[in-house]
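Below: the structure, in structure tokens.
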Amino acid sequence: MQRLSKRWSGCAMAMAGLFAVVASTPTAARQAMLDPAVLEEYIAFLSLPNDAANPADALANARFVQAMMQRRGIASELLYDPDRKAPPAVFGEIKTPGATRTIVFYAHYDGQPVVPERWAPGLSPFRPTAISRPIEQGGAVLGPWSPGANFPTGWRLAARSAADDKAGVMVALNAFRDATGTAARLGVNVKFFFEGEEEKGSPNLRAILHAHSEKLESDLWVMVDGPRHTAGYRAMVLGVRGVVDVGITVYGANRPLHAGNYGNWAPNPALRLSALLGSLKDADGRILIPGFYDDAVPATAAERAEIAKAPSMDATRQSLGIARTQGGGKLHGELVLLPGIEITALRAGATDARAANVIPTEAEARLDMRLVKGDRIDRQLARLVRFVEAQGYLVLDRTPTAEERLAHPLIAKITSGFGYEAQRTSLDEPMVTRVKQLLERASPDRLVVVPSTGGSLPLSLFAHELGAPMVTIPVVNADNNQHGENENVDPAFLAEGILNIRAIMEDDFSDR
């Protein structure tokens with residue numbers, strides 16, 4: 001602590017009472033600490049804007065990752081799709097003499113778009129800043145980190161992609177060799193593949209994988225992404241849900257109408273859309289679209305056993321201020337093995353100072369549709385369309401014409417964006433079984449095996465194009481605000497993540 005900036009040093013005693021939260025953190029993570037040289041490099045990485053929608057940002061981040069590889073003696077190159085429509089993936093390879101197995105480590109360097117004004121006072125998305133704990137939990141903004149300083153235990157680093165997923169890039173590369181030169185004793189051939197448009201849904205990933213399939217041959221992919229278990233424990237995740245973004249628009253009159261003059265007479269698209277959305281689920285959250293659950297592959301006995309052993313989510317429920325969860329009493333791990341559909345946005349007129357007493361011309365919703373193993377995007381979308389049609393709607397994939405608006409009292413436009421399907425690796429896969437054993441030996445902290453996480457990664461694309469088994473190793477704190485304002489990471493978790501990933505790199509995966 002003697003090398004902290006003056007502002008940090010002055011805060012140290014005042015923040016002592018806030019360190020109680022660290023007591024619930026698993027032992028090994030509490031004791032781990034990032035070397036200041038590693039932290040300095042990471043802060044420089046986080047200072048780069050990384051919205052994948054901006055090609056210049058994406059290329060700057062790819063070049064930075066290449067430089068990180070070069071400092072560690074890793075031969076690297078940028079892998080493009082044939083049409084060069086996408087940000088490049090950064091590829092690196094280390095061949096280990098005598099190794100018979102090859103493992104690819106995946107992460108992504110792009111991040112979600114930012115709205116800087118939504119971040120807490122004193123925080124800025126691309127100015128990494130220390131906070132005492134998450135802002136939403138009463139954390140204080142402590143100021144910028146000073147080069148060469150240790151990062152006090154329990155404090156967080158706030159910046160866009162600090163957790164999702166520049167953390168994965170940083171952990172994987174530092175597991176091979178950190179910024180101080182400490183290197184792994186490799187037992188396998190190691191490859192790195194860092195993507196640049198995961199937050200956009202990876203629309204060009206399949207083309208990149210197909211074009212470079214020989215270069216990407218391996219025995220196992222290890223995805224370094226996502227949050228640890230909400231109770232703070234390490235996790236090994238065997239699968240992810242698929243995802244597709246769906247838009248629904250319902251129409252009323254062709255111009256805004258005075259709510260007093262036309263109310264009770266003109267149809268209100270906001271009310272109609274609300275009723276339509278309300279019919280998607282029952283009061284306990286079960287989806288009412290006929291056949292929506294039919295294709296889901298049930299959990300195996302081994303998967304059910306791991307779900308039953310997972311820590312309780314009750315503390316998470318309480319911290320979120322939820323009186324009662326949905327799902328009819330099912331465990332969280334059981335529910336994420338079911339397909340899902342959630343409303344993520346609603347729009348009909350304005351609700352702020354611009355609000356007017358008019359009946360809007362249309363109402364729009366965005367739906368987040370999640371798929372599980374066995375589901376297909378086209379089938380789930382078709383079920384949704386049939387469900388809406390059964391309620392009397394003409395369903396289109398475009399804006400209705402004037403003639404259609406006069407001929408049909410109920411019209412809904414349903415569109416879908418790019419998506420991908422779910423993937424789940426069997427716990428009986430030998431390489432995955434070995435990873436579980438290695439992680440259990442690497443740390444005294446509990447390891448939670450998760451058959452599938454509720455979130456999504458484009459793992460089905462890897463499965464279809466390359467065929468190797470996959471396992472995901474999350475390394476960041478669960479309360480990291482990924483995708484949102486005030487995103488943060490606990491550096492202690494990153495330090496422990498480096499040790500866990502290094503344990504995988506150092507094993508030879510022989511049959512001994």
Side-chain angles (χ1 to χ4, degrees), residues 52 58-59 61-63 65-66 68-70 72-96 99-110 165 168-169 171-173 175-176 184 186-226 237-240 242 418 420-425 429-432 434-435 456-473 501 504-505 507-509:
L59 188 57
N61 279 270
R63 295 295 188 193
V65 174
Q66 266 198 306
M68 292 176 72
M69 289 184 173
Q70 291 167 359
R72 290 161 174 79
I74 303 170
S76 66
E77 60 181 302
L78 302 182
L79 303 184
Y80 287 91
D81 63 286
D83 297 326
R84 292 210 168 205
K85 294 189 298 184
V90 187
F91 174 79
E93 181 176 14
I94 307 100
K95 295 182 179 179
T96 301
T100 61
R101 302 283 191 174
T102 299
I103 299 179
V104 187
F105 293 87
Y106 165 96
H108 62 90
Y109 61 79
D110 63 310
D165 182 37
V169 176
V171 164
L173 291 179
F176 169 68
L186 299 182
V188 293
N189 298 313
V190 171
K191 297 178 181 179
F192 299 100
F193 183 89
F194 300 134
E195 187 191 354
E197 59 172 3
E198 192 275 340
E199 297 294 4
K200 292 175 59 179
S202 303
N204 298 290
L205 177 60
R206 184 188 292 273
I208 294 175
L209 297 178
H210 186 76
H212 304 282
S213 58
E214 291 187 10
K215 195 181 297 289
L216 297 172
E217 287 182 352
S218 70
D219 299 286
L220 178 72
W221 281 73
V222 174
M223 287 28 197
V224 191
D225 195 2
V237 180
L238 301 176
V240 292
F418 179 83
Y420 46 77
E421 291 167 356
Q423 184 275 338
R424 204 157 88 224
T425 300
E429 166 63 45
M431 293 285 284
V432 172
R434 176 61 69 88
V435 169
S456 299
L457 281 170
L459 302 193
S460 62
L461 305 183
F462 291 93
H464 292 156
E465 291 294 330
L466 304 175
M470 287 162 279
V471 62
T472 299
I473 311 297
I501 298 301
I504 297 171
M505 292 181 175
D507 192 71
D508 62 8
F509 284 80

Under the side-chain hydrogen bond (donor to acceptor under 3.5 Å, both in side chains) test, residues paired with Ser460 that sit two or more places apart: none

Gln423: side-chain hydrogen bond (donor to acceptor under 3.5 Å, both in side chains) partners, not counting sequence neighbours: Thr425

Show every donor-acceptor pair shorter than 3.5 Å between a side-chain atom in residues 202-216 and any protein atom, with sequence neighbours excluded, or say none if there are none.
unit_1, atom_1, unit_2, atom_2, d
Ser202, OG, Glu195, OE1, 3.4
Ser202, OG, Glu195, OE2, 2.6
Asn204, ND2, Glu197, OE1, 3.4
Asn204, ND2, Glu197, OE2, 3.2
Arg206, NH1, Glu465, OE2, 3.2
His210, ND1, Glu465, OE1, 3.1
His212, NE2, Tyr80, O, 2.9
Lys215, NZ, Glu77, OE2, 3.1

Side-chain donor/acceptor of Arg72 to backbone N/O of Met68, under 3.5 Å: yes

Contacts of Thr102 that satisfy side-chain contact (heavy atoms from CB on, under 4.5 Å) - sequence neighbours left out: Asn189, Lys191, Ser218, Asp219

Val435 and Phe509: CA distance, side-chain angles, deciding distance, side-chain contact (heavy atoms from CB on, under 4.5 Å) verdict: CA-CA 9 Å; Val435 169; Phe509 284 80; 4.0 Å; yes

For Glu198 against Ser456, the heavy-atom pair lying closest together: OE2-O, 3.6 Å

Stepwise side-chain contact (heavy atoms from CB on, under 4.5 Å) test for Phe105 and Val171: CA-CA 10 Å; Phe105 293 87; Val171 164; over 6 Å; no

Closest contact, heavy atoms only, Ile501 versus Ala175: CG2-CB, 3.6 Å

Atom pair CD1 (Ile74) and CD (Glu93), whose distance is rounded to the nearest 0.5 Å: 11.0 Å

Phe192: partners by ring pair (Phe, Tyr, Trp, His ring centres under 6.0 Å), with sequence neighbours left out: Phe194

Rounded distance [0.5 Å steps], CG in Asp225 versus CD1 in Ile473: 11.5 Å

Gap separating the CG atom of Leu186 from the CE atom of Met505, nearest 0.5 angstrom: 7.0 Å

For Ala62, side-chain contact (heavy atoms from CB on, under 4.5 Å) partners two or more places apart: Leu78, Pro88, Val90, Tyr109

Residue list, ring pair (Phe, Tyr, Trp, His ring centres under 6.0 Å) with Phe462, at least two apart or on another chain: Tyr106, Trp221

Residues which pass side-chain hydrogen bond (donor to acceptor under 3.5 Å, both in side chains) with Asp81, listed by chain and number, not counting sequence neighbours: none

Sequence-distant partners of Asp110, side-chain hydrogen bond (donor to acceptor under 3.5 Å, both in side chains), two or more places apart: His108

Spacing of CD1 belonging to Ile103 relative to OG1 belonging to Thr96, to within rounding of 0.5 Å: 10.0 Å

Worked verdict on Tyr420 versus Leu459 for side-chain contact (heavy atoms from CB on, under 4.5 Å): CA-CA 8 Å; Tyr420 46 77; Leu459 302 193; over 6 Å; no

